[in-house]
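Chain identifiers are assigned alphabetically (A, B, ...) following the order of the sequence lines, protein sequences preceding nucleic acid strands; residue numbering begins at 1 within each chain. The model shown is predicted, which means the values in this text are computed figures rather than measured ones.
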Amino acid sequence: MAQKPSIPQGTRDFSPLEVQRRNYIMSTIKKYFEQYGFMPIETPSFENSDTLLGKYGEEGDRLIFKVLNNGAYLSKVKPEDLAEQDEKSLTPQISDRALRYDLTVPFARYVVQHQNEITFPFKRYQMQNVWRADRPQKGRFREFTQCDADVVGSTSLYQEIELIKLYDTVFTALNLTGCTIKINNRKILAGIAEMIGAEDKLIDFTVALDKLDKIGIEKVKEEMLSKGINAVALEKLHPVFTLEGDYAQKLATMQDLLKESAIGMKGVEELTFIHENMQQLPLTGTNLDLDITLARGLNYYTGCIFEVAAPAGVSMGSVGGGGRYDDLTGIFGLKDVSGVGISFGLDRIYLVMEELGLFPDSVRAGVDVLFLNFGMQESRVALGELFRFRESGIKAELYPDEAKMKKQMTYADRNDIPFVILIGEDEIKTGKLTLKDMKTGKQETLDAETIIARF
RNA sequence: GUGGUUGUAGCUCAGCUGGUUAGAGCGCUUGAUUGUGGUUCAGGAGGUCGCCGGUUCGAAACCGGUCUUCCACCCCA
């Protein structure tokens with residue numbers, strides 16, 4: 001045998017059942033995206049490198065898959081760059097394109113490029129693969145699918161409220177209950193930084209604060225100290241570290257703490273507005289929780305930020321995330337178009353649903369009925385019946401070969417086909433069909449119409 | 001990018017301090033069963049031990065490299 005074939009690190013093949021289950025999740029998401037008024041677009045798998053680079057921070061740039069130029073790509077390279085093996089200057093000389101890293105930045109590019117065709121506010125959804133040159137681990141792949149819904153051209157906080165409800169609607173429909181939608185606001189984080197005189201260290205500050213859950217107060221303080229945030233400032237942060245209570249109580253504490261900060265108070269105001277309006281829109285399958293430590297992508301988010309945590313007891317990173325970005329299109333030359341959006345992580349949702357056994361039995365790969373093949377005469381009759389069933393909308397197939405019954409039954413069994421129809425000598429004589437329920441093993445001999453009516 | 005971990009039959013894994021011809025269970029296949037699957041019984045097929053190199057009389061085992069798996073960090077969906 002030749003050398004065993006393989007697939008690249010962090011990629012996967014999907015079996016028929018897996019694809020059906022992924023389609024089940026995607027069709028549910030799509031249904032509600034459309035119900036909420038979002039319209040589909042698609043963008044290329046790869047973009048010009050300029051479009052992507054510099055939008056995700058230094059870490060993000062490192063994880064972008066670069067596409068090697070075609071042709072004599074080395075001919076234009078400066079010999080000294082080649083000799084020094086300096087990737088920073090070499091990469092742009094041999095690669096002009098890159099695989100997309102997320103769907104939001106390509107969307108911003110799309111909006112700018114098609115601004116004259118678009119009527120704002122523009123609501124779009126997109127369900128496509130993205131690629132990241134990350135080290136794979138649990139729930140982390142190098143090729144995965146994101147399902148995004150974004151609206152640009154509206155600063156209304158109703159958008160945030162709708163997106164929270166959209167998360168709740170979809171997760172409830174998937175029967176994936178118990179997820180927590182964590183919400184925070186970048187303006188609050190900016191306000192806290194301002195209050196402790198660490199505006200210039202906003203990123204270091206939020207990155208450290210984000211770890212509070214994971215490593216505890218003392219370690220977070222250590223990290224902040226090491227980043228140059230002074231002890232007096234840390235003292236002021238005490239209420240943040242020990243924040244407790246429900247959404248309203250936490251918000252009250254923050255309001256008191258941030259009363260000197262204009263931007264901080266703006267953040268509090270926004271979260272208060274959302275909270276008040278959520279009162280008449282109770283969530284059915286998820287919980288909304290104000291999490292001041294939530295930081296997220298610091299690159300383009302400016303207002304509310306979201307992240308969806310899997311139900312307690314399931315160890316999985318976030319299954320969704322999003323937020324408001326006030327000036328992402330500005331990078332591409334279109335000012336003053338605020339956007340806000342959320343993303344569903346299809347692959348992680350799949351893993352969580354699999355772990356919790358939430359896929360309905362009806363989501364199967366195979367047909368509903370298999371006609372057994374008893375030989376030339378019999379299978380000819382079966383072939384006619386087969387198409388009668390199909391025309392009635394029943395997924396059906398005929399076993400193609402005149403194989404042993406055992407083999408044909410095993411085929412039905414292995415493929416989770418719930419019913420088998422036998423057409424032999426006796427059936428042809430009486431004009432009836434024998435229907436076997438594979439689960440119970442029971443058989444009945446009935447008219448074709450009667451059987452069709454059962455499906 | 002950093003640290004650890006894994007790789008032996010289609011799958012899950014044994015394989016001793018290096019020593020003849022590489023093992024199990026499940027699965028696959030054939031038959032017991034010429035109109036009946038999931039149970040049982042009997043037979044059979046299937047592996048250059050991830051790949052490349054090194055040490056050795058001798059390597060699945062030891063060493064180096066590389067690819068891959070899983071995990072933690074980083075970051076994120």
Checklist entry - RNA chain B: A/Gln137 or A/Gly317, which has the more 5' nearest nucleotide? => result A/Gln137
Checklist entry - Please give, in whole Å, the distance from B/U36 P to A/Asp426 CG? => result 12 Å
Checklist entry - Taking NZ from A/Lys138 and C1' from B/C73, how many angstroms apart are they, rounded to a whole number? => result 17 Å
Checklist entry - Rounding to a whole Å, what distance do you find between A/Phe419:CZ and B/G37:P? => result 18 Å
Checklist entry - B/G35, B/C75, B/G37: which one has an atom nearest the side-chain heavy atoms of A/Glu59? => result B/C75
Checklist outcome for this item: Between A/Leu63 and A/Ile7, the residue closer to the 5' end of RNA chain B by nearest nucleotide is A/Ile7
Checklist entry - Hey, is the side chain of A/Lys406 poking within less than 4.0 Å of OP1 or OP2 on B/A32, counting only N and O atoms? => result no
Item to check | Counter-base of B/U66, judged by Watson-Crick or G-U geometry with both distances under 3.5 Å | outcome: B/G50
Checklist entry - With A/Phe107, which of A/Val111, A/Leu103, A/Val105 fulfils side-chain contact (heavy atoms from CB on, under 4.5 Å)? => result A/Val111
Next on the checklist: Using the six-membered base ring of B/A77, report whether A/Phe344 stacks on it, requiring centroids under 5.5 Å and planes under 30° apart.
Outcome noted: no
Checklist entry - Is the base of B/A77 touched by the side chain of A/Arg140 through a donor-acceptor pair closer than 3.5 angstrom? => result no
Checklist outcome for this item: For nucleotides 2-7 of chain B, 5' to 3', base contacts (B), sugar-phosphate-only contacts (S) and non-contacts (-) with protein non-hydrogen atoms under 4.0 Å give BB----
Checklist entry - Within 45° of the ring axis of A/Phe141 and under 6.0 Å from its six-membered ring centre, is that where the NZ or CZ of A/Arg12 lies? => result yes
Checklist entry - When rounded to the nearest Å, what value does the distance between P atoms of B/C74 and B/C57 take? => result 50 Å
Item to check | P gap between B/G18 and B/G58, integer Å | outcome: 16 Å
Item to check | A/Lys436 (side chain) and B/U36 (base): donor-acceptor pair under 3.5 Å | outcome: yes
Next on the checklist: From CG of A/Leu209 over to P of B/C75, roughly how many Å is that when rounded to an integer?
Outcome noted: 13 Å
Next on the checklist: Using only modelled atom types and a 3.5 angstrom limit, is any donor from either the side chain of A/Glu427 or the base of B/G35 paired with an acceptor on the other?
Outcome noted: yes
Checklist entry - Taking the same atom, C1', in B/U21 and in B/U33, what whole-Å distance lies between them? => result 37 Å
Next on the checklist: Taking the C1' atom in each of B/C16 and B/C62, what is the distance between them to the nearest angstrom?
Outcome noted: 15 Å
Checklist entry - Is the distance from OP1 or OP2 of B/C74 to the nearest side-chain N or O of A/Lys211 less than 4.0 Å? => result yes
Checklist entry - Using atom C1' of each nucleotide, how far apart are B/G37 and B/C52 to the nearest Å? => result 47 Å
Checklist entry - Which whole number of Å gives the distance between the C1' atom of B/C26 and that of B/U40? => result 16 Å
Checklist entry - Are side-chain heavy atoms of A/Glu194 and A/Ile263 found at a separation under 4.5 Å? => result yes
Checklist entry - Is the number of heavy atoms from other residues, nucleotides or ligands within 6.0 Å of CD (A/Gln377) greater than 12? => result no
Checklist entry - What about the rings of A/Tyr101 and A/Phe65, do their centers lie closer together than 6.0 Å? => result no
Checklist entry - Considering only side-chain heavy atoms of A/Tyr101, which listed nucleotide, B/G35, B/C75, B/A77, is closest? => result B/C75
Next on the checklist: Strictly below 4.0 Å: does A/Lys214 bring a side-chain N or O up to OP1 or OP2 of B/C73?
Outcome noted: yes
Checklist entry - Given B/U69, is OP1 or OP2 found less than 4.0 Å from the side-chain N or O atoms of A/Gln9? => result yes
Next on the checklist: Please evaluate residues A/Ile181 and A/Asp289 with respect to the criterion side chain to side chain contact (heavy atoms under 4.5 Å, CB included), reporting the C-alpha separation (whole Å), side-chain torsions for both, the decisive distance (0.1 Å), and the verdict.
Outcome noted: CA-CA 6 Å; A/Ile181 303 168; A/Asp289 183 37; over 6 Å; no
Checklist entry - When rounded to the nearest 0.5 angstrom, what is the spacing between CG in A/Asp148 and CZ in A/Phe33? => result 7.0 Å
Item to check | Distance, rounded to the nearest Å, where A/Lys55 contributes NZ and B/C76 contributes P | outcome: 17 Å
Item to check | Atom-to-atom span, CG of A/Leu435 to C1' of B/U36 - whole angstrom | outcome: 14 Å
Checklist entry - Expressed in whole Å, how much space separates the C1' atoms belonging to B/U30 and B/C13? => result 27 Å
Item to check | Nearest-Å distance for atom pair CD/P, residues A/Glu402 and B/G35 | outcome: 10 Å
Item to check | Who pairs with B/C16 - Watson-Crick or G-U, where each distance is under 3.5 Å | outcome: none
Next on the checklist: With rounding to the closest Å, how many angstrom separate the C1' atoms on B/G50 and B/U69?
Outcome noted: 11 Å
Item to check | Distance-only donor-acceptor test, A/Gln408 side-chain atoms vs B/U36 base atoms, 3.5 Å | outcome: no
Item to check | Atom pair distance, as rounded to whole Å: CZ in A/Arg348 and P in B/C75 | outcome: 14 Å
Next on the checklist: Looking at A/Lys201, I'd like to know if its NZ atom is crowded, meaning that more than 12 non-hydrogen atoms belonging to other residues, nucleotides or ligands lie closer than 6.0 Å.
Outcome noted: yes
Next on the checklist: Rounded to the nearest 0.5 Å, what separates atom CZ in A/Arg142 from atom CG in A/Asn129?
Outcome noted: 15.0 Å
